[in-house]
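In listed order, ligands and their atoms are each counted from 1.
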Amino acid sequence: MTDLIAVPARKPARPQFSSGPCAKPPGYSPEKLATESLGRSHRAKIGKTRLAYCIDLMREVLQLPDTHRIGIVPGSDTGAFEMAMWTMLGQRAVTTVAWESFGEGWVTDAAKQLKLDPTVIRADYGQLPDLTQIDFSNDVLFTWNGTTSGVRVPNADFIPADREGLTFADSTSAVFAYDIDWSKIDVATFSWQKVLGGEGGHGVLILGPRAVERLETYTPAWPLPKVFRLVSKGKLAEGVFKGETINTPSMLAVEDAIFALEWSKSLGGLEGLKARSDANAAALGKIVAERDWLGHLAVDEATRSKTSVCLTVEGADADFIKKFAALLEKQDAAYDVAGYRDAPAGLRIWCGATVDTQDIEDLGPWLDWAYATVKAG
Ligand SMILES: Cc1ncc(COP(=O)(O)O)c(C=O)c1O
C-alpha cells in the first residue's frame with residue numbers, strides 16, 4: 001500500500017488549469033469591463049468602434065502582417081474553421097493531417113460532410129505525423145497545437161513558400177503562445193477562450209491573400225448558410241474584417257476580449273505572453289522531471305505543447321484519473337486537469353499566458369498528494 005501523505009499547506013492561488021475556457025487574465029473581474037457598448041445596436045458607432053478596436057488589438061498583439069485580414073465570426077473556433085472549410089474547399093484535392101481529437105474532427109467533416117475524399121495523414125496520441133509526406137498541391141488542413149494530445153508543429157518550416165494549395169491552420173490553442181510565420185498560413189482560426197482567457201461564442205478568422213483570392217474566384221457546389229457567407233456579389237465582404245459582423249455578436253464577449261488584449265499589451269504583447277507560457281511549461285516540466293510516475297504524452301520535446309500540456313500517469317486508467325481530478329477539485333487545488341475524454345487516460349494542465357507560474361509550482365505537491373491518495377484507495 002502507498003503511504004498517504006499530508007494535504008499540502010499551500011494551494012495554487014488560482015486553481016483554474018482548464019484547457020478551455022482557460023483561466024482569466026490575472027486581475028480580471030467583470031466590473032473592470034467597459035460596458036458602454038452594451039444594450040446598444042452593434043451597428044451603432046460605439047459598437048462598431050469597439051469591434052474595430054478589438055480587431056486592431058488582435059492584429060497588434062499577434063503581430064499579424066497587413067497581408068492578412070482578421071475578422072470576428074460566429075461559433076467560436078469551430079464556427080470559424082467550418083466557415084473556412086465550407087467556403088473554400090472543393091476546388092482542389094484535400095489533405096488533412098490529424099494527430100488528436102480536434103484534427104480528427106476536421107477529417108470527419110471533410111470526408112463525411114463535404115464528401116471530399118481527403119488524403120489523411122495521421123499519427124497516434126503523443127506523436128506528430130511525418131509532415132514531409134504532405135502534398136502541398138492540395139489544400140492542407142492541420143491543427144497547430146493539438147489541444148487533446150499536447151503535440152504541436154514545431155514551426156511552419158514544413159510548409160513551402162511556393163505551395164499551390166491553401167493551408168488551413170486550426171490555431172486556437174497556438175496563437176498568442178508561439179511565433180507563427182504568417183506567410184505560410186492562408187487561413188487560421190482561433191477563439192478568445194484559449195490563450196487570452198476570453199469567452200467562447202465567437203471565432204476569429206484570419207485570411208491571407210490567397211484565401212481571399214479563392215473566395216472571390218471559386219463558388220462551392222454546396223449551399224452555404226448565411227452565417228458562413230463571406231462573399232457578396234463575387235467580392236469579399238470586407239466589412240467583416242472591420243467589425244461589421246455577419247450577425248449580432250456578444251458585445252460583452254467583445255469587451256471581455258478587449259480586456260484580455262489590453263492586459264496582453266501591458267505585458268509587452270506577444271513576447272510577454274510567450275514568456276509567461278514558456279515559464280509555465282518549464283515549471284511543469286520540472287515537476288514532471290522530478291517524479292518517475294509522471295511523464296509527457298508528447299514523445300518529442302520539439303513538438304511538446306507549451307499551452308495544453310498532456311501528462312501520463314503511471315498505472316492510471318480513466319477511473320483513476322477521474323478520482324484524481326475530483327480530489328483536486330474538491331480541495332479547490334486544481335480544476336479541470338483530467339485529460340480530454342477521447343485522449344489516453346492522463347492529465348492535461350493548461351500553461352497558457354493567463355496562468356501564473358507560481359500556481360503551476362504550487363500544483364506539484366498537490367499532484368503527489370492526489371496520486372498517493374487515489375493509489376491508497
Ligand atoms: C484544437 C481545437 N480545435 C477546435 C476546438 C473547438 O473550439 P471551440 O469550442 O472554441 O469551437 C478546440 C477546443 O478545445 C481545440 O482545442
Considering only the protein, which heavy-atom contact is closest to [atom], and what is its distance?
atom	result
atom 7 (O) of ligand 1	D77 CB, 3.6 Å
atom 13 (C) of ligand 1	K194 NZ, 3.1 Å
atom 6 (C) of ligand 1	T78 OG1, 3.4 Å

Can you check whether S308 reaches W350 side chain to side chain, under 4.5 Å on heavy atoms? yes

I want to know if ligand 1 touches [X] in the polar sense, i.e. an N/O pair below 3.5 angstrom.
X	value
W106	no
T172	no
D170	yes
Q193	yes

Taking the six-membered ring for Trp, is the centroid-to-centroid distance between F190 and F176 below 6.0 Å? yes

Given G200, G203, S76, identify the one with the heavy atom nearest to atom 10 (O) of ligand 1. S76

Over all heavy atoms of both residues, which pair between [X] and [Y] is shortest? Give the atoms and the distance, please.
X	Y	result
I360	N280	CG2-O, 3.8 Å
W86	L224	O-CD2, 3.4 Å
H296	G285	NE2-CA, 4.1 Å

Heavy-atom contact check, 4.0 Å cutoff: does E100 meet ligand 1? no

Please list, in number order, the atoms of ligand 1 under 4.0 Å from a heavy atom of [X].
X	answer
S191	10 (O)
T147	1 (C), 2 (C), 15 (C), 16 (O)
T143	1 (C)

Using the rule given for ring-ring contact (aromatic ring centres under 6.0 Å, His included), can you reason through F142 versus F168, listing the C-alpha separation, both sets of side-chain angles and the distance that settles it, and then say yes or no? CA-CA 6 Å; F142 70 100; F168 293 67; 9.7 Å; no

Exactly one of D162, D186, D139 should register a salt bridge (charged side-chain N to carboxylate O under 4.0 Å, His left out) with R210. Which one does? D186

Is D256 paired with K24 through a side-chain N to carboxylate O contact shorter than 4.0 Å? yes

